[in-house]
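In what follows, every chain begins at residue 1, and chains take the letters A, B, ... in the order their sequences are listed. Reckoned from all heavy atoms, side chains included, excluding hydrogens, waters and symmetry mates.
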Protein chains: 2
Amino acid sequence: MARKTGSHSEITGPRIRAAAQHLFARHGYAAVSMRQIAAEVGVQAGALYLYTPDKQSLLADLMRDHLEGLLEAFADLPPASGPEARLDQFARFHIGYHIDRPDAVFIAYMELRNLEPDNFSAIEALRRRYENALEAILRDGRAAGVFAVPDTKLATLALIAMLTGVTNWYREGGRLGRAEVEAIYADMARNAVGSPARVQHTA
Amino acid sequence: MARKTGSHSEITGPRIRAAAQHLFARHGYAAVSMRQIAAEVGVQAGALYLYTPDKQSLLADLMRDHLEGLLEAFADLPPASGPEARLDQFARFHIGYHIDRPDAVFIAYMELRNLEPDNFSAIEALRRRYENALEAILRDGRAAGVFAVPDTKLATLALIAMLTGVTNWYREGGRLGRAEVEAIYADMARNAVGSPARVQHTA
DNA sequence: ATGCTATCTGAACGCATGTTCAGTTCAACC
DNA sequence: GGTTGAACTGAACATGCGTTCAGATAGCAT
């Protein structure tokens, strides 16, 4: 058999990426075989090579797509004025975007070591662009005297680590709702970078 | 050949664990073969099985040793009085302990998915004990009115994620010294959980 | 009905894997 | 200096890996 009704490149391609993302996140890139991915899609292993040149590209493409999507969504945010509003917007956006994509996030942070050098550089550059966006906010806030951060680079990495950690525990329909989680993390981020006006939306 | 001068179980055993820790952290559990570990130790693959029943136990033992060492070192801290002092102590301890063991930390957080169910439960229980220690501090602080945290569980995980993130970037001899890094993170942690007295040791 | 072509199968390739074990080697003891 | 036994080798095992490719299949156009 081959080519069931309506079966197409446009169907199988995305299903392969989805299966790979799911399995890579669950078991790790190195622990997942092409045959397992193929089985999840309902296809033989050989068929995967019509959609990806090799396993490594499958991983690199997932990571690049995730980070490019992240940067694009961030760029599409409405402009906010003032470092405090911009930080609040960043924190809420980060939580909201990551909460919906735990698999992609996990892969993008954990499988870097399985990328070949060229792919690694490309992915790292994307991540750095995102980090730089936050660092710019912190620098502006420090210059304006509304944030007290001894080191903007350290604070950037600390905040991103704190916010991204939400994917380790948040589950849809759990004890805390999405909006609550966004608000609490945004407040913690605001408070962490310090000084003047202490904010407390949530009680 | 076999048994070079003074070569013993007491030498080879630790060297195997060290090699495994190093390689697992660098490439991931699933991507590292027993032959690679053996080669790093300077031994044939079969010899590893004099020191570990299998690859899985090698991983589980590394993770358990790390978490037990963490809990033990934490328990050995001098008693601190008051939630604010206890949080400061926790944050500085966490940074200090993790900064010296990036490989073990990375494995303990990343390779959970490669543990068989029994090992997973045991390791998870250890991690939870450590998290509970921090959460107790936050609860006491909230009760005393010195911390403002809407949800102590969320705040616990957020702080631990923020602090643990130090292992992703800190390198000995880098731009920032150990004491500086500890102080900055401790301040960020203190500020993140909020309200009354805003602390600012570092400038 | 016939041919075309995108889609997929199924077998094969060389190689690596975790693990076992009979046999070798050498420091230590009598 | 002969014996013992812990420490290790080296080959073998079944199995699985990523990848290739000739051939089968089936939807579409004619």
Side-chain angles (χ1 to χ4, degrees), chain A residues 1-24 26-63 107 111 113-116 118-119, chain B residues 1-24 26-63 107 111 113-116 118-119:
Chain A
M1 108 198 61
R3 183 119 77 114
K4 308 210 179 102
T5 316
S7 165
H8 264 338
S9 182
E10 288 134 36
I11 301 279
T12 306
R15 289 189 57 202
I16 289 174
R17 282 189 289 273
Q21 180 165 93
H22 172 237
L23 290 170
F24 287 167
R26 178 97 95 209
H27 307 292
Y29 171 76
V32 172
S33 72
M34 294 300 267
R35 284 171 179 82
Q36 286 173 57
I37 298 171
E40 180 130 327
V41 176
V43 111
Q44 293 299 315
L48 301 184
Y49 291 85
L50 297 170
Y51 300 95
T52 184
D54 49 32
K55 194 187 177 189
Q56 167 75 200
S57 302
L58 202 45
L59 174 63
D61 286 351
L62 285 175
M63 296 176 71
I107 292 172
E111 301 294 357
R113 60 189 176 185
N114 285 310
L115 289 178
E116 288 158 7
D118 286 359
N119 289 331
Chain B
M1 103 196 65
R3 186 117 78 110
K4 309 212 178 100
T5 317
S7 164
H8 263 339
S9 182
E10 289 134 36
I11 301 280
T12 307
R15 288 189 58 205
I16 289 173
R17 282 190 289 273
Q21 180 165 95
H22 172 236
L23 290 170
F24 287 168
R26 178 99 92 208
H27 307 291
Y29 172 75
V32 172
S33 72
M34 295 300 266
R35 284 169 179 83
Q36 285 174 57
I37 297 171
E40 181 129 326
V41 177
V43 110
Q44 293 299 315
L48 301 183
Y49 291 86
L50 297 170
Y51 301 94
T52 184
D54 49 31
K55 192 187 178 189
Q56 167 76 198
S57 302
L58 201 45
L59 174 62
D61 287 351
L62 286 175
M63 294 175 73
I107 292 172
E111 302 293 357
R113 61 188 176 187
N114 286 310
L115 288 179
E116 288 158 8
D118 287 359
N119 289 331

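- Contact of R35(B) with dG18(C) (side chain to base): a donor-acceptor pair of N or O atoms is detected under 3.5 Å.
- With dA7(D), dG10(C), dT19(D) as the candidates, the nucleotide lying closest to the side chain of Y51(B) is dA7(D).
- Comparing atom distances between the K55(B) side chain and each of dT19(D), dT9(C), dG18(C) picks out dG18(C) as nearest.
- For E40(B) against A19(B), the heavy-atom pair with the smallest separation is CG-CB, 3.8 Å.
- Rounded to an integer number of Å, the gap from CD1 of I16(A) to P of dT19(D) is 13 Å.
- For the pair Q56(B) and Q44(A), both in contact range of DNA chain C, the more 5′-proximal nearest nucleotide belongs to Q44(A).
- Atom pair L59(A):CG and dG18(D):C1' shows a separation of 15 Å (rounding to whole Å applied).
- Taken from CG in L48(A) to CG in L50(A), the straight-line distance is 8.5 Å, to the nearest 0.5 Å.
- The two residues I107(A) and Q21(A) make their nearest non-hydrogen contact at CD1-O, 3.3 Å.
- As judged by a 4.0 angstrom heavy-atom cut-off over every strand, V32(B) is placed among residues touching the sugar-phosphate backbone only.
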Dump every N/O contact between nucleotides 20-23 of chain D and the protein below 3.5 Å, one line per pair.
none

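- Here the CG-OH distance, from L58(A) to Y29(A), works out to 8.0 Å after rounding to the nearest 0.5 Å.
- Counting only heavy atoms from C-beta on, L50(A) has its side chain closest to dT7(C) among dT7(C), dT19(D), dG18(C).
- Atom CE of residue M34(B) and atom CD1 of residue I16(B) lie 8.0 Å apart, to the nearest 0.5 angstrom.
- The side chain of Q36(B) places an N or O atom within less than 4.0 Å of a non-bridging phosphate oxygen (OP1 or OP2) of dT17(C).
- A sub-4.0 Å separation between OP1 or OP2 of dA16(C) and a side-chain N or O of S33(B) is absent.
- Counting to the nearest Å, the P atom of dT17(C) and the CG atom of N114(B) are 16 Å from each other.
- Remark: P of dG18(D) and CG of L58(A) are 11 Å apart, rounded to the nearest angstrom.
- Within the 4.5 Å cutoff, side-chain heavy atoms of Q56(A) are placed close to those of L115(A).
- Distances shown here put a side-chain N or O of T12(A) below 4.0 Å from the OP1 or OP2 atom of dC8(C).
- Summarising the geometry of I11(B) relative to P14(B), their closest heavy-atom pair is O-CD, 3.4 Å, with the distance given to 0.1 Å.
- Listed candidates were dC8(C), dT9(C), dT9(D). Nearest to the side chain of V43(B) is dT9(D).
- Atom CG in L48(B) sits about 14 Å away from atom P in dG10(D), given to the nearest Å.
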